[in-house]
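What follows is a single structure, written as C-alpha cells, with notes after it.
We count residues from 1, following the sequence as given.
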Amino acid sequence: MRRKLFIGAAILISLVLLLVLSAIVYVRSGRLDLYLQSQVIEAFDDVGIRAEIGKTYLDLRGYRVTLDDIKLYAGDGQKPFGAIDSLTAQFSVLSYLGQKAKITQVKVEHPQVWIEFDEQGRFNLASLHAPPSKQEVKETSIVFLTSNFEINKAEVNFVDSNRNITAHVTEIVAHLVPLEHDSIKDELNHRLEFGFTGATATVKGRDVKDITVNILARVTDHEAEILTVNGDPQFKMTSDLGLVKVNGRVESFEPFKYVLNEVRAEAELAQVARVFAPETSMSGKLGVIGQIEGTGADYHAAGSLESTAVTVEGIRVAGIRASSEVTGRDDEYKGKAELTTS
C-alpha cells in the first residue's frame, strides 16, 4: 500500500514539474505575450475595429504584459480613429495544462478617439457593430471581463461638419471595479467610476465652456444602473449653460432599453440663448424635472419646467409653469404642452 502511495506521489510530483517546466518554456518562448496580443486584436475585431500594435513587452516576474503604440481603425479604413499610448495587463495562470489565464488588472494610458461626421453626414465609425451574442462567442483561454480596469488621461475629439458642432474632452478618467473579484466567469459585473473636467464644445462657432461630468454606476453584461449616495444620483453634468442630474437605469443593451425616472436640469437662459439662439435676448433661470424612457430609436419623455421670472427681448414674464409630453422616433416626434404664468 505504501509502495503504491509512493509511486502515486512520485507520478503526481513528476506531472506537476512537467507542467511547470512546460509553462516556463511557453512563457520564455515569447508565445504568451504574442498570444495575449492576439486576444486583444480579436476582441477589437469582434466590434469591427482593426488594431495594429507597435510593440509588446512581457515582464516574467510581474506576470505583466504591456502593449505599446496601439492604432485603431474602423473596418478597412486607412486613417486611424483611435490611438492608445500603452495597455498593460496583469494576469494569473488558472491552468498550465489548458494554458488558461485570468487577466486581473488592465491599465490603459492616454487613449485618444476621433469621432467625425463629414459635411454629407457620413460617420467615420459607421462600420463598427455590436459584438457577437453570448451564444456565438467561442470559449477562449483568457478570462478578461472580470478584470479591474483603469483608464487614465483619455481624450475625445468630436467634429460634426454637417451641423457645425465640435467638442474636445481631455483628462478623462474611468475605473471599472469588479464586484466579484474571485469570479472565473468572463462577464462584466463592475462599479463604474467615470469623470472629466474642463471640456469645451462649440455650436456654430459659439463656445460652451467648463463642461464637467461625473458618473457612478453599476454595470453588467446585460444592464446598467446609476448609483445614489445619500439619495443623490451620481450622474451629474455641469457647464456654463447650467446643471443636469440624472437617475435611472439601462434595462438591456440588446435591444437598448432605458428608463430615466428622474431628470433634473437648471439652465442659465442668457448662456443658453448665447449658444443656441444668439439673435434672441434672454435672461433668468429655468428648472426642469422630467422622465425619459425608450427602446432603440423610440422614446417617450414627460416633464415640467418652472421659472420665477424670465426676460425675453426686454419683456419680463413672472411665474412660468409648463408641462409637456413628447413621443418620437429618431428626429421625428409629436407632443403637447401646457403653459401658465402668474
Side-chain angles (χ1 to χ4, degrees), residues 47-49 72-83 111-130 154-172 194-213 215 235-246 250 256 258 260 263 265-282 286 288 290 292-301 303 305 312-313 324-335 337:
V47 294
I49 296 173
L72 305 177
Y73 300 81
D76 297 326
Q78 301 303 307
K79 179 182 176 182
F81 76 87
Q112 302 173 73
V113 176
W114 292 269
I115 303 172
E116 299 177 3
F117 291 87
D118 65 16
E119 293 181 353
Q120 286 72 45
R122 291 173 298 200
F123 187 30
N124 71 323
L125 304 183
S127 61
L128 271 58
H129 52 76
E155 185 175 341
V156 176
N157 296 276
F158 175 83
V159 176
D160 186 340
S161 299
N162 183 255
R163 293 180 172 86
N164 197 7
I165 298 173
T166 69
H168 183 52
V169 187
T170 61
E171 300 296 329
I172 302 171
F194 175 92
F196 60 82
T197 61
T200 59
T202 65
V203 179
K204 297 182 178 179
R206 298 181 287 273
D207 294 334
V208 181
K209 300 178 180 179
D210 302 323
I211 304 171
T212 297
V213 172
I215 300 173
F235 187 119
K236 302 176 184 179
M237 180 170 65
T238 61
S239 73
D240 58 351
L241 302 184
L243 163 70
V244 176
K245 287 185 177 182
V246 178
V250 175
F256 187 66
Y258 57 93
L260 307 179
V263 179
E266 299 173 5
E268 298 283 349
L269 293 183
Q271 294 294 331
V272 173
R274 175 184 62 80
V275 174
F276 297 103
E279 69 284 352
T280 304
S281 174
M282 300 178 65
L286 193 65
V288 178
I292 305 173
E293 60 182 48
T295 302
D298 298 316
Y299 57 88
H300 176 263
L305 59 87
V312 180
E313 296 292 341
S324 63
E325 187 172 349
V326 176
T327 300
R329 178 179 178 84
D330 290 328
D331 294 333
E332 298 181 0
Y333 62 90
K334 59 181 180 179

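Atoms CD and OH, on Gln78 and Tyr73 in that order, are 8.0 Å from each other to the nearest 0.5 Å. Between Asn162 atom CG and Asn164 atom CG the span is 10.0 Å, to the nearest 0.5 Å. To the nearest 0.5 Å, the span separating CG on Leu72 from CD on Gln112 amounts to 10.5 Å. Distance CG/Asp160 to CD/Glu119: 10.5 Å, rounded to 0.5 Å. For the atom pair OG1 of Thr238 and NZ of Lys245, the computed distance is 11.0 Å after rounding to the nearest 0.5 Å. One finds the CD atom of Glu266 at 10.0 Å from the CG atom of Leu286 (value rounded to the nearest 0.5 Å).
Annotation: Glu325, atom CD; neighbour count of heavy atoms from other residues, nucleotides and ligands within 6.0 Å is above 12. Atom CE of Met237 sits in a sparse spot, with 12 or fewer heavy atoms from other residues, nucleotides or ligands closer than 6.0 Å. Within a 6.0 Å sphere centred on CD of Glu279, heavy atoms belonging to other residues, nucleotides or ligands number more than 12.
Scored by the ring pair (Phe, Tyr, Trp, His ring centres under 6.0 Å) test, Phe256 finds Tyr258 as partners (sequence neighbours excluded). In this structure, the ring pair (Phe, Tyr, Trp, His ring centres under 6.0 Å) partners of Phe117, at least two apart in sequence or on a different chain, are Phe123. With sequence neighbours left out, Glu293 forms a salt bridge (Lys or Arg N to Asp or Glu O under 4.0 Å) with no residue at all. Legend: residues meeting side chain to side chain contact (heavy atoms under 4.5 Å, CB included) with Ala201, ordered by chain and number and at least two apart, are Ala167, Val208, Ile211. With sequence neighbours left out, Ala297 forms a side chain to side chain contact (heavy atoms under 4.5 Å, CB included) with Arg329, Asp330. In this view, Phe158 satisfies the ring pair (Phe, Tyr, Trp, His ring centres under 6.0 Å) rule with no residue, not counting sequence neighbours. Applying the salt bridge (Lys or Arg N to Asp or Glu O under 4.0 Å) test to Lys334 and every residue at least two apart in sequence or in another chain returns nothing. Residues satisfying the side chain to side chain contact (heavy atoms under 4.5 Å, CB included) test with Ser324, not counting sequence neighbours, are Ala337. Annotation: salt bridge (Lys or Arg N to Asp or Glu O under 4.0 Å) contacts of Glu268 (sequence neighbours excluded): Lys285. The side chain to side chain contact (heavy atoms under 4.5 Å, CB included) test applied to Ala270 returns no partner, not counting sequence neighbours. Qualifying side chain to side chain donor-acceptor pair (under 3.5 Å) partners for Gln120, counting only residues two or more places apart in sequence or in other chains: Arg122.
Looking only at distances, no side-chain donor or acceptor of Asn157 sits under 3.5 Å from a matching main-chain atom of His168. Looking at Asp240, its side chain never comes within 3.5 Å of a backbone N or O of Gln271 through a donor-acceptor pair. Between the side chain of Glu313 and the backbone N or O of Ser281 there is at least one donor-acceptor pair closer than 3.5 Å.
Contact annotation: the side chain of Ile115 never approaches that of Phe81 to less than 4.5 Å [non-hydrogen atoms, C-beta and beyond]. Residues Val326 and Tyr299 form a side-chain contact, since some pair of their non-hydrogen atoms from C-beta on lies under 4.5 Å apart. Using a 4.5 Å cut-off on side-chain heavy atoms (C-beta onward), Leu241 and Phe276 make contact.
Across every non-hydrogen atom of Thr280 and Ala273, the tightest pair is O-CB, 3.6 Å.
Pairs passing the side-chain hydrogen bond (donor to acceptor under 3.5 Å, both in side chains) check and including a residue from residues 198-212, sequence neighbours excluded, read Thr166-Thr202.
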In sequence, state the C-alpha distance, the side-chain angles, and the governing distance for Phe196 and Thr170, and then conclude on side chain to side chain contact (heavy atoms under 4.5 Å, CB included).
CA-CA 7 Å; Phe196 60 82; Thr170 61; over 6 Å; no

